[in-house]
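First the proteins, then the strands, lettered A, B, ... as listed; each starts at 1.
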Number of protein chains: 2
Amino acid sequence: MAGRVGLDKQSVVEAAAKMADERGLQRVTLSALADSLGVRTPSLYHYIDGSDGLRRELALYGLRGLGMGLQWAAVGKQTDQAIEAMFLSYRAFAREHPGVYEVTLRAPDPLDEELRSASQRVVDTVLAVLEPYRLSPDDAIHVVRSFRATAHGFVALEAAGAFGLPLSPEQSYRRLIAVFLNGLRMLE
Amino acid sequence: MAGRVGLDKQSVVEAAAKMADERGLQRVTLSALADSLGVRTPSLYHYIDGSDGLRRELALYGLRGLGMGLQWAAVGKQTDQAIEAMFLSYRAFAREHPGVYEVTLRAPDPLDEELRSASQRVVDTVLAVLEPYRLSPDDAIHVVRSFRATAHGFVALEAAGAFGLPLSPEQSYRRLIAVFLNGLRMLE
DNA sequence: ACGATTTATCTAATGTGATTAGATCATAAT
DNA sequence: ATTATGATCTAATCACATTAGATAAATCGT
């Protein structure tokens, strides 16, 4: 009998995140997670609210990481350079944390204040970068949505292995960014 | 005892598709599907290869529907109008078939010839529409990837409920399409 | 230092879903 | 009718999630 193991919510979530990124989100079962922590499955219920609760924690963890990444990427940059940096940062995060990234998009309970605010940080960062374009408030939101759609779409297709051909995804992404920035220019 | 029910693969897949669209993909269990067909769970194994097999059939079904939709949308249209029509058709399919659409993107076994070819039809349709832009072969593929990324990204965010604000997704999508088409113009 | 409280962890039990093996029974073919 | 085929079933097993309640380790007040 190992006695107390000394877990806490953070270490559980981090172990789950690591497992999600290394083995794939679907293989993160409470069973496997408990094993990897040297504990029985029901013990996890002291830290997380079951399987759905763990997902939610992972989503929060992911959204925060993504938001921080975007914010850092935009530091000291302006307009097109800032947007490009955010695009690159977005993809980098998704590639480094495929399992965690995958869960960030699922099931955002509109009443979940923490999730909402982590999500808002992403939006606000993009909005801040759009400042110098002097868009109307509505237009700015349309563009934020477009940014997220564009970045997410590429990253999701890439993660799903949808790009089979022997043509660099790197380059495709740069092209996509160029298309986006060119397109933006017409709105100014 | 009901005796023979008279199922076949197609009716099983179609029932699963309906269930996925109406109740959500994750609620399509072999159990629930068997129930809805008036049959015991193991009976389904005569038509599909377990849970993963069913997913694969759904993905194929979805890709074919999506491909047909895109092709129809582009009939009789050219350049920007054709691309816009494909964008609208893409979103329409995803909204009409949320459960089926969701599965089209997952786990494309590269050795699965049927899946590959259904997927290729989507690519080929977009490539055909790009013809008049006279892009290099590589550029054309970059643009196809960009199209799919853009359309998928928007549609996935929308389905995930990521657009919380009281601003029309319809309009956002039209803006996104405009940005894309504007961006394309610079490549010509 | 000691008993009481708290709490981290456990065992046991239940439920749902997937899957396999092999039996049964309806239909079709002869 | 007889047999062969195959669609469907029952029974059994397994993995995972979840809840209830027991146990034992740590902590706290004295």
Value in whole Å for how far the C1' atom of C/dT16 lies from CG of B/Leu33 | 16 Å
Excluding A/Met68, membership of its hydrophobic cluster (Ile, Leu, Val, Met, Phe, Trp, Tyr; side-chain heavy atoms within less than 4.5 Å) reads none
Side-chain touch B/Tyr45/B/Leu30, heavy atoms, less than 4.5 angstrom = yes
SB check B/Asp109 B/Arg116 (cutoff 4.0 Å) = no
Going by number, which of residues 51-62 of chain B have a non-hydrogen atom under 4.0 Å from DNA chain C?
-> B/Ser51
Spacing between B/Asp49 atom CG and C/dA18 atom C1', to the nearest angstrom | 12 Å
Are B/Lys9 and B/Glu14 close enough for a salt bridge, meaning some N to O gap below 4.0 Å?
-> no
Protein-nucleotide distance (B/Asp35, atom CG; C/dG17, atom P), rounded to Å = 9 Å
Ion pair B/Arg56/B/Asp49, N-O distance below 4.0 Å = no
Please work out which residues in residues 39-48 of chain B have a non-hydrogen atom less than 4.0 Å from an atom of DNA chain C and list them by number.
-> B/Thr41, B/Pro42, B/Tyr45
Please, which pairs that meet salt bridge (charged side-chain N to carboxylate O under 4.0 Å, His left out) have at least one residue in residues 161-173 of chain B, sequence neighbours excluded?
-> B/Arg91-B/Glu170
Thinking salt bridges, do B/Arg55 and B/Glu102 make one under a 4.0 Å N-O criterion?
-> no
Mind listing the residues from residues 8-25 of chain B sitting with a heavy atom below 4.0 Å of DNA chain C? Number order is fine.
-> none
Answer yes or no: is there an ion pair linking B/Glu84 with B/Arg174, defined by an N-O contact shorter than 4.0 Å?
-> yes
Rounded to whole Å, the CG-P distance (B/Leu30 to C/dT20) equals 11 Å
d(CG, A/Leu7; P, D/dA26) in whole Å = 14 Å
Considering residues, nucleotides and ligands other than A/Gln26, do more than 12 of their heavy atoms fall under 6.0 Å from its CD?
-> no
Under a single-linkage rule joining Ile, Leu, Val, Met, Phe, Trp and Tyr whose side-chain heavy atoms are separated by less than 4.5 Å, which residues share a cluster with B/Trp72?
-> B/Val75
